[in-house]
Structure formats: structure tokens, C-alpha cells
Colleague: 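Sharing a structure with you now.
Because the structure is predicted, anything quoted here is derived from the model rather than measured. A, B, ... follow the sequence lines: proteins, then strands. Residue 1 opens every chain.
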Amino acid sequence: MKTTSRPDGDEIARYNPREMEPHWQKVWDEQQTFVLPQEDDGREKFYVLEMFPYPSGRLHVGHVRNYSMGDVVARYHRARGKAVLHPMGWDAFGLPAENAAMKTGGHPRDWTYANIEAMRTQLQSMGLTLDWSREFATCDPEYYAQQQKLFLDFYFAGLVTRKKSKVNWDPVDLTVLANEQVIDGRGWRSGAVVETKELTQWFFKITDYAEDLLTAIDTLDGWPDKVRLMQRNWIGKSEGMLIRWQLTEESAPEGMTELEVYTTRPDTIFGASFMAIAADHPLAAAAAKDNPELQAFIEKCRRVGTSAATLETMEKEGMPTGIHVKHPFDPDWSLPVYVANFVLTEYGTGAIFGCPSGDQRDLDFALKYDLAHVAVVMPEGEDATTFAIKDESYAGDGVMINSSFLDGMSSEDAFNEVAERLGAIEINGRPQGVRQTNYRLRDWGISRQRYWGCPVPIIHCDNCGEVPVPEADLPVRLPDEVDLSRPGNALDHHPTWKHVECPNCGLAALRETDTMDTFVDSSWYFARFTAPHASTPTVPEVANSWLPVDQYIGGVEHAILHLLYSRFFTRAMHKTGHLNLDEPFKGMFTQGMVTHETYKDDEDKWVAPTDVHIEVKDGARFATHIETGRPITIGSVEKMSKSKLNGIDPEDILKSHGADAARWFVLSDSPPERDVEWTAAGIEGANRFVQRVWRLLNEAKLLLEGECSEHVEMDEAALTFRKIVHKTAKSVGEEIEGLKFNRAIAQLYELTNAMSKFSADVGEAPNSARRAALREGVDVLTICLSPFMPHLSESIWAMLGKDKLVSDSLWPVVNESLLVEQSVVIPVQVNGKRRGEIIVAKDAANSSVEAEALSLDNVARMLDGKAPKKVIVVPNRIVNVVV
RNA sequence: GCGGGCGUGGCGGAACUGGUAGACGCGCCAGACUCAAAAUCUGGUUCUGGAAACAGAGUGUCGGUUCGAUUCCGACCGCCCGCACCA
């Protein structure tokens with residue numbers, strides 16, 4: 001059937017998103033469609049949140065994907081009759097604003113707010129269901145004032161502490177560097193060799209909650225397993241022992257008598273061959289006093305930086321200190337103490353005993369420095385007389401060997417035996433060894449020596465010490481005038497800002513010049529959205545009525561830190577009376593990245609996709625530069641990045657193809673948790689579908705002019721179509737609830753295909769039963785499409801003559817009786833290989849199914865007259881004949 | 001280094017709790033419409049052999065469990081992400 005023109009000969013006008021999308025956005029805005037009523041109207045509440053963006057100034061395709069997902073969820077739950085909270089704000093403090101200000105001479109605030117304006121406009125053009133009346137930026141004084149209140153409440157609750165920690169220090173720019181700003185051991189801007197420096201810093205005592213944060217992970221069943229596992233590993237609980245090793249008298253530096261180590265494997269104590277301490281361990285400093293060579297080595301270790309990844313991937317090196325320790329179970333056995341660059345100061349005691357046979361790193365170290373490596377744990381089933389460790393360690397459990405009184409025990413028994421014996425030995429008035437539970441998790445250092453962040457509301461007074469800023473004096477505002485051109489901390493060298501009177505004694509005092517980590521800002525914004533303009537951090541009864549967030553969506557890169565900090569913050573806010581729950585996010589979803597092909601020209605320089613022309617010849621793709629016509633090499637598909645120029649600007653897409661096509665495309669094909677590759681063909685395909693649906697439903701409308709009957713069952717074609725319609729309504733809803741957007745979209749394609757065919761049937765024989773089925777299908781398709789393509793759906797809804805918005809319409813009611821099938825198609829296998837299929841009544845008796853299967857020509861031929869060895873019948877599923 | 005993930009046609013992917021591998025989309029091929037093209041519509045499309053019926057192979061590699069494995073187990077290979085001051 002021809003479907004491109006109307007019966008009266010007029011072409012159906014193409015759908016024009018450039019015209020219709022702004023129109024519907026205006027209608028939603030005017031009708032305040034997505035603004036939540038102030039009063040609780042009794043509807044079930046649902047809180048959808050996407051991680052708020054950093055206002056870089058331009059929307060990224062990753063944002064488009066993230067917010068499209070959230071919006072589908074939000075629109076779906078609205079259609080389910082719920083009151084949906086779907087807010088948006090800006091994670092607006094942070095380094096890029098300062099960097100931009102330094103580069104251009106402007107002010108971080110101006111740069112940030114201008115970016116927010118630009119990005120809000122871009123976001124609004126996506127047609128999201130956001131309630132903009134709740135918008136805020138974390139750099140708004142109204143927001144950070146509340147954050148300072150929270151800081152002080154945490155302070156009074158004993159959740160804040162001040163202690164020393166190490167930072168990367170740039171001696172030229174006089175600034176602390178982030179790990180990503182340290183490139184090959186040098187500062188990114190100055191190029192100076194980076195030093196490790198100790199600073200006194202503010203910390204939140206997240207370790208107080210280590211055990212609770214760990215055990216509560218079990219309750220987070222709306223989170224991806226991989227995120228839960230990553231959090232568990234990050235907290236890193238281990239059961240081990242603290243063991244104190246006595247220094248030999250002749251080697252001990254003055255005033256020192258012992259070395260305390262933490263180990264999770266006390267059972268391997270007889271396999272110890274050396275002790276390793278971190279470069280800044282006190283014993284290392286003492287040993288280096290008269291040892292310039294060791295001093296130089298310690299210096300070298302200090303220059304590596306603070307990044308764990310760097311520390312652990314670099315060449316493992318050590319140097320003997322000349323100090324020796326005595327083995328606890330053999331006074332004649334002494335072991336050398338090394339300074340080693342792979343021992344982390346901040347974990348355990350900053351010292352370990354090396355057991356080369358049980359740890360690959362220790363073994364590599366022992367082989368390098370020619371130290372002993374005796375096997376002490378043997379896997380079950382090996383022979384003790386021949387088992388040895390050569391260049392591969394064995395870290396598993398097993399049977400103890402070469403271990404004196406532990407020989408023959410299991411690792412677990414040996415652990416207990418050592419714990420018991422060392423617990424019974426007293427040195428310096430304390431047991432030599434005690435059991436200790438350790439966590440890898442460290443306290444959260446929140447101090448930043450930067451201007452563009454939330455000031456820590458503390459005053460330092462020579463008389464009174466640390467004085468919290470009184471609540472009446474909050475917020476501690478950032479000074480408007482700032483000189484970022486000088487090296488160092490701009491707040492610290494501001495001429496007046498830090499000089500204040502002590503609120504306690506009135507004498508001259510100094511403000512804290514540290515500002516807070518931007519992770520603090522993002523650790524409670526989800527709670528603030530529930531009462532964004534309140535004069536307290538939260539309005540507890542309102543916050544408690546909305547929280548936890550029902551569905552949180554964001555990048556997997558935040559799977560550990562941001563989520564863990566938010567979980568801590570929620571507990572701390574519970575303790576200080578701002579909330580009455582512990583877990584902020586009931587449902588969590590981590591989306592994949594958006595990737596794109598990379599291109600390089602004949603000079604090996606990166607080329608942006610917009611400058612590349614691609615042609616297909618004989619199935620192969622060739623690329624040339626649009627301007628120069630020179631050849632381009634098509635490279636691998638990678639995460640969009642500035643350096644590789646393979647990013648796509650969503651604004652171009654939104655302007656050319658429209659928001660609906662962009663939303664549809666980023667959600668089709670790839671499962672949302674996986675990476676999606678942006679392709680020109682993909683967005684064009686989405687665009688075609690927009691046009692196809694518009695055309696199809698316009699034609700359908702013409703077919704619907706006439707009488708409709710409710711007696712759809714009278715007509716075979718109508719009934720078949722109705723079944724598909726109801727099946728789609730049901731499964732699209734289920735797929736959205738499970739966040740399987742790609743599968744929902746596949747279902748919608750199938751319904752569209754079915755409707756094309758059925759429209760032809762209606763055109764040929766337009767009886768009233770068919771018209772009724774088509775009318776129902778048209779409504780269902782439009783509503784089911786509306787979470788994905790809201791503008792198009794509104795346009796169709798209006799074209800159909802509906803009197804309200806599709807955004808205010810309810811999800812179709814599924815007629816379950818239409819979903820029950822009377823017969824099933826069952827594949828028949830012979831020896832696990834499909835040889836045919838049979839159609840049988842649903843829930844038919846196994847014996848009749850078996851008989852039916854065996855009578856198939858194909859099966860009979862394979863049997864060759866013999867009886868089958870076995871026939872497996874899985875009801876309604878499969879038959880397998882074993883020959 | 002440690003931790004986490006991923007691997008299925010030409011491409012993106014689907015396959016619920018171990019039960020028809022390749023839904024749906026893109027691309028490609030053929031046909032219809034057209035003077036022609038675009039757009040649109042219809043049909044086909046895992047690979048090999050065959051006109052077809054059909055047969056064989058097939059979910060990164062090797063091995064195991066099972067009547068039956070993309071799915072479970074073991075070993076390996078490749079790619080990607082996080083590692084505490086980027087957000």
C-alpha cells in the first residue's frame with residue numbers, strides 16, 4: 001500500500017522539531033507542568049535525580065545521555081500518577097573556574113555564572129521535566145552558608161578533626177597539586193619537581209563509620225553489584241595483627257627499641273626475611289641521620305608524589321637501614337630493616353614484615369636484594385619435601401611447613417596460634433602481638449588551599465585556640481576582590497579577609513583560609529533539593545518525606561568516592577538532626593560513557609569529526625579532510641576528550657535534529673550501563689524514526705475517521721494487533737522500571753512495525769472493530785513514546801485532537817487477558833541441536849508433547865527406527881531427544 | 001601494582017532463573033514508486049557448501065560440568081575504568 005500521500009492527494013507535512021520543540025517547552029513552562037505543588041497532594045512520591053553537572057559552559061554528550069535517562073524515568077513515573085521530584089543544580093565550585101580566571105584575568109564567579117546561564121539554556125532545549133524553581137548552585141552564598149552550618153554541627157558532634165597529611169607541593173607556584181596535575185613528577189604549570197609536604201588539614205571522621213558503611217552495603221539492593229563490591233573493597237576491612245618486633249640492641253637508634261608492623265598473615269611469620277618501612281617512618285629518619293645515602297633515598301621517595309597508582313606501579317626499590325630486629329620466636333634470628341618505596345605510610349603502621357614466599361611484591365624485593373625466601377604455606381596436596389618457591393609466590397591458604405611449632409597446621413589455625421602466643425609475651429609492659437581489625441578507608445581530608453570553594457568557618461585565636469564562627473556571623477563569605485595572579489593561596493594573601501576579631505575574646509585573630517573539597521558540596525545537595533530555599537540546611541520533615549532518592553543516575557567514575565562521601569554525610573546529618581535516615585540513594589545506576597571514532601591527518605594531528613568527510617567504497621570507509629581534501633586515518637573508538645578532538649557538541653545536534661532524536665539515539669542500541677558510540681548514522685536513524693512515526697500516526701488518524709466498535713474480538717487481524725499493543729505497553733513499562741531503555745526502544749520499534757502493517761489491513765477493510773483496535777494502538781504508542789520523545793508525542797496528541805497534554809496523561813492500563821497465549825511453539829532438539837518445532841497447547845501433557853516431537857519427519861529420520869535413549873521435555877519450553 | 005568491568009554477524013546490540021543464538025536498529029543487497037535521483041514502501045541478509053530441501057561450523061582462546069552452555073566452573077588472551085586534591 002502506498003502510504004506517503006493522503007487520500008485527498010496532499011502530502012503529510014514533515015514534522016519540524018525546530019518549530020515544535022520550543023513550542024512545547026514554552027507550553028510546559030507556561031502551564032508549570034513540571035513544577036511540584038508546594039503542598040503534599042497525597043500522591044505517591046518519587047525522587048529521580050541525575051548527578052548535577054559541573055558548569056563547564058557546554059553540555060557534553062555524556063550529560064545528554066544522563067539526563068535523557070533520568071527524564072524517561074521521571075516522565076514514566078509521572079504517567080503512573082506519582083508526584084515526581086526531578087530537580088537540577090550546579091556543582092559550581094572547583095579548580096577549572098580558578099584556572100580560567102588565571103588565564104583570562106576574569107573572576108571565577110563571573111565565569112561560573114555565565115557558564116551556568118549557557119548550560120541552563122542548553123538543558124532546557126532538551127525538553128526535560130526539571131523543576132527549575134528548585135535550582136541552585138553550590139557557589140551561591142545561600143547554599144554554602146548552610147554547608148558551613150553543617151560543618152559546625154559536625155564539628156560539635158565530634159565528626160571533624162585536624163591532623164597532618166601529605167600533599168603534592170609545587171615549590172614554584174606555591175600551591176598544592178592534584179594528582180592529575182602532577183605529570184612525571186613535575187607540576188603541570190610550573191614544571192617544577194614536585195615535593196611531598198605535610199600540612200595540617202581538616203578531616204571528616206568517616207572512619208568512625210567504616211564498619212557501618214561496610215555492613216549497610218548489604219541493604220543497598222537497588223545498587224549495581226559492581227558498585228557495591230567496589231565500595232566494599234575501598235573500605236577494605238581486614239582482620240590481622242599488630243606485632244611489635246624488638247630492635248637488636250647493637251643496631252637500635254637512640255631511644256628506639258621496637259618496630260610495630262601490621263599484618264594480615266601472622267601465620268607466615270616464619271617466612272619473614274626482612275622488614276620494610278615507609279620512607280617517612282620515624283625509624284627511617286633516625287637511621288638516616290648519619291647515613292647520607294639513605295637520606296638521599298628517602299628524598300627520592302618524597303619526590304614521587306602521593307598518588308597510590310604511581311607509588312605502586314613504579315620500580316620497587318629499597319635500602320637497608322642497618323637496623324635489625326629480633327624474630328619473636330627465635331632470639332638468635334635477626335632480620336634486616338629496609339626503607340622501601342612501596343610501603344604506604346597511611347596504611348596500618350607504615351611498616352610491614354616481608355614474607356617473600358607468600359607475596360609477589362615481597363618476593364620480587366627479596367630476589368632483587370638477595371634475601372631469603374623460604375616457603376611456609378604449601379597448597380593442599382603438594383609434597384612438603386619438594387615444595388619450593390622460585391619466582392612465583394603462593395598467597396593462598398594451605399598447610400604450614402618450615403614453621404617450627406606451626407608445621408602441619410592450616411593457615412587459619414596457625415594465625416590463631418601465633419595470635420595466642422604473641423598475646424602471651426609481654427615486652428615493655430604490653431603484649432607483643434594483638435589482634436586488630438583494620439580498614440583501608442582513611443579519614444576524608446577536606447582542606448583545600450584554594451579560593452573558589454566553601455570557606456571553613458573557623459577562626460584561629462592565639463588566646464582561645466580554634467574558635468567556630470558563631471552562627472549569627474554565617475555565612476563566611478568569600479571576598480569579592482581576589483588576586484589570583486600571585487602564586488599561593490589567594491585567601492591567605494588577601495589583604496584584609498582573614499584578619500578578624502576573635503568572637504570569644506575580641507583580640508585580633510585569623511580566619512581559617514582553607515576551603516572545602518568540592519566533594520563536600522555534592523555530598524548533601526540531594527537533600528537540599530527537597531527544601532532548596534530554607535534557612536536551615538534541610539527542613540527535616542520535608543527531606544524525610546522525599547528521601548532516599550528513588551533513582552539516582554550518574555557516571556561510573558563516581559562509584560566510589562562521591563557515593564561513599566554522600567553515605568557518610570547522610571549519617572552525619574542524621575546524627576546532627578537534619579535527616580532521619582542513613583542511606584541517601586535507594587536506587588543507583590551508573591551509566592556508560594559516550595565514545596566516538598578518532599581521526600588523524602597525514603601529519604599525525606588529531607582532527608575533529610566536524611572536519612572529516614567519510615565515504616564508503618566497496619564496503620570500506622575512507623576519510624578525507626573537508627577543507628584540504630587530504631587523507632585522514634580513522635582511529636580507534638575512544639571516550640570523547642578535548643585532547644583527541646573526538647567530541648561532539650550536543651548543541652549542534654539539538655539544533656539540527658532536535659532533542660527528541662538526540663534523546664532517542666543516546667538511549668537506543670547500547671545498554672545504558674555500557675559505553676555508547678556516537679555515530680552520524682545513528683542520529684540520522686533516530687531522525688528518520690521521528691518522521692516515520694509522525695507520518696504513520698497522521699495516516700492512522702485519517703483511517704480513524706468513522707465509527708468505532710468495541711467488539712474487537714470479532715476480527716482476527718484486530719485481535720492480533722491488540723495483543724501486540726498490550727504486550728508493548730506492559731513490557732515498555734517494565735523495561736523502563738528496570739532502566740533497560742534500549743530494550744524498551746526495541747519494543748517500540750516492533751509496535752511501530754506492527755502498526756504499519758495493521759494500518760494497511762485497516763485501509764483494505766476498514767471495519768469498525770479494526771478502527772477501534774487502531775485507535776487504541778495509536779493512543780498506546782503515543783503515550784509509550786512520550787517519555788523518550790516528549791515533543792513529538794505532544795504534537796501527535798494535539799494532532800489527534802486530545803484535550804490535554806500527553807505529559808499529563810496516564811500510562812495505558814494493560815489488559816492481562818490479552819497476554820495469555822493458548823498455544824506455544826516448542827523447538828525440538830536431537831542431541832541438543834535444533835531439528836524442528838511443534839505447536840502444542842499451552843501446558844500440554846509431557847507425554848503428548850513427546851509423541852508429537854518424535855513424529856516429526858526430521859526427528860524420525862535421525863532416530864532411524866531406533867528408540868531414543870532419553871527424551872527430555874521441559875514444559876512449554878523445549879524437547880530434547882537423545883539418540 | 002591493587003580493585004572493578006567488558007568481549008556475540010559487516011556494525012551497535014537481544015537472548016528472562018542452563019532451554020530455538022542473532023530480537024530491534026544501522027549498513028548492505030534486491031524489488032516497487034520515479035524520466036531520473038532523493039525520500040518512502042516491500043522483501044532478503046551469521047558464515048561455509050547447496051538451485052533448494054538440507055547439512056556443517058559458530059557467542060575472545062583452551063579445557064570442564066550437563067540431555068542441553070552466550071549463560072555455570074577453571075586457566076589464559078585482549079580492551080576499558082577507578083585508585084583518595086579533576087569533577
Colleague: Using whole Å, report how far CD of A/E750 lies from P of B/G25.
Modeller: 8 Å
Colleague: Reading 5' to 3' and counting Watson-Crick or G-U wobble pairs with both distances under 3.5 Å, write the dot-bracket notation for RNA chain B, | for bases paired outside the strand.
Modeller: (((((((..(((......[....)))((((((.......))))))((((....))))..(((((..]....))))))))))))....
Colleague: Testing the 3.5 Å rule here: is there a donor-acceptor pair between the side chains of A/Q360 and A/S393?
Modeller: yes
Colleague: Does A/R877 or A/D669 map to a spot on RNA chain B nearer the 5' end, using the closest nucleotide for each?
Modeller: A/D669
Colleague: Distances for protein N/O vs nucleotides 81-87 of chain B N/O pairs under 3.5 angstrom?
Modeller:
from: B/A84; atom 1: OP1; to: A/N179; atom 2: ND2; distance (Å): 3.3
from: B/A84; atom 1: OP2; to: A/A308; atom 2: N; distance (Å): 3.2
from: B/A84; atom 1: O5'; to: A/N179; atom 2: ND2; distance (Å): 3.3
from: B/A84; atom 1: O2'; to: A/R442; atom 2: NH2; distance (Å): 3.1
from: B/A84; atom 1: N6; to: A/R440; atom 2: O; distance (Å): 2.9
from: B/A84; atom 1: N1; to: A/R442; atom 2: N; distance (Å): 3.1
from: B/C85; atom 1: OP2; to: A/R448; atom 2: NH2; distance (Å): 3.2
from: B/C85; atom 1: O4'; to: A/R448; atom 2: NE; distance (Å): 3.2
from: B/C85; atom 1: O4'; to: A/R448; atom 2: NH2; distance (Å): 3.3
from: B/C85; atom 1: O2'; to: A/L177; atom 2: O; distance (Å): 3.1
from: B/C85; atom 1: O2'; to: A/A178; atom 2: N; distance (Å): 3.4
from: B/C85; atom 1: O2'; to: A/N179; atom 2: N; distance (Å): 3.2
from: B/C85; atom 1: O2; to: A/R450; atom 2: NH2; distance (Å): 2.6
from: B/C85; atom 1: N4; to: A/Q201; atom 2: NE2; distance (Å): 2.9
from: B/C85; atom 1: N4; to: A/S447; atom 2: O; distance (Å): 3.4
from: B/C85; atom 1: N4; to: A/Q449; atom 2: OE1; distance (Å): 3.3
from: B/C86; atom 1: O4'; to: A/E180; atom 2: OE2; distance (Å): 2.9
from: B/A87; atom 1: OP1; to: A/L95; atom 2: N; distance (Å): 3.0
from: B/A87; atom 1: OP2; to: A/T518; atom 2: OG1; distance (Å): 3.4
from: B/A87; atom 1: O3'; to: A/D91; atom 2: OD2; distance (Å): 2.7

Colleague: Grab the two heavy atoms, one from A/A853 and one from A/I838, that are nearest each other, plus how far apart they are.
Modeller: N-CD1, 4.0 Å
Colleague: What nucleotide, of B/G5, B/G19, B/A57, holds the atom closest to the side chain of A/L229?
Modeller: B/G5
Colleague: Taking CD from A/Q747 and C1' from B/A14, how many angstroms apart are they, rounded to a whole number?
Modeller: 11 Å
Colleague: Round to the nearest Å and state the distance from A/Y749 atom OH to B/G12 atom C1'.
Modeller: 12 Å
Colleague: Closest to the A/K226 side chain: B/G5, B/G13, B/G25?
Modeller: B/G5
Colleague: Given atom NZ of A/K757 and atom C1' of B/U42, what is their separation to the nearest angstrom?
Modeller: 9 Å
Colleague: With sequence neighbours left out, which residue pairs that include part of residues 90-102 of chain A fulfil the side chain to side chain donor-acceptor pair (under 3.5 Å) condition?
Modeller: A/W90-A/E135, A/N99-A/R189
Colleague: Specify the separation, in whole Å, of atom CG of A/L856 and atom P of B/A53.
Modeller: 17 Å
Colleague: A/R834: which residues meet the salt bridge (Lys or Arg N to Asp or Glu O under 4.0 Å) condition with it, sequence neighbours left out?
Modeller: A/E837
Colleague: Only one of A/W234, A/F204, A/Y209, A/W444 forms a ring pair (Phe, Tyr, Trp, His ring centres under 6.0 Å) with A/Y565, so which one is it?
Modeller: A/W444
Colleague: Taking OP1 and OP2 of B/C41, is either one under 4.0 Å from a side-chain nitrogen or oxygen of A/R692?
Modeller: yes
Colleague: What string of B, S and - do you get for nucleotides 64-77 of chain B 5' to 3' if you count protein non-hydrogen atoms under 4.0 Å?
Modeller: ---BS---------
Colleague: Starting from the 5' end of RNA chain B, give me the residue, A/E684 or A/I745, whose nearest nucleotide shows up first.
Modeller: A/I745
Colleague: Round to the nearest Å and state the distance from A/D362 atom CG to B/C2 atom P.
Modeller: 12 Å
Colleague: How close or far is atom P of B/G19 from atom CD of A/E850, stated in whole angstroms?
Modeller: 21 Å
Colleague: Is A/D364 salt-bridged to A/R361, going by a charged N under 4.0 Å from an acidic O?
Modeller: no
Colleague: List the atom of A/I553, the atom of A/N66, and the distance in Å for their closest heavy-atom pair.
Modeller: CG2-ND2, 3.2 Å
Colleague: If you look at every strand shown and take non-hydrogen atoms under 4.0 Å, does A/T313 touch a base, only sugar-phosphate, or nothing?
Modeller: base
Colleague: Of the nucleotides B/G25, B/G13, B/G58, which one has an atom closest to the side chain of A/R674?
Modeller: B/G13
Colleague: Determine: side-chain N/O of A/R834 to OP1/OP2 of B/G22, distance under 4.0 Å, yes or no.
Modeller: no
Colleague: Has A/R835 got a side-chain N or O lying under 4.0 Å from the OP1 or OP2 atom of B/A53?
Modeller: no
Colleague: Within less than 4.0 Å of OP1 or OP2 of B/G12, is there a side-chain N or O belonging to A/N742?
Modeller: no
Colleague: Using ring pair (Phe, Tyr, Trp, His ring centres under 6.0 Å) as the criterion, list what pairs up with A/W664, not counting sequence neighbours.
Modeller: A/F689, A/Y749, A/F788
Colleague: Quick check on salt bridge (charged side-chain N to carboxylate O under 4.0 Å, His left out): which of A/K205, A/K164, A/K163 does A/D443 satisfy it with?
Modeller: A/K163
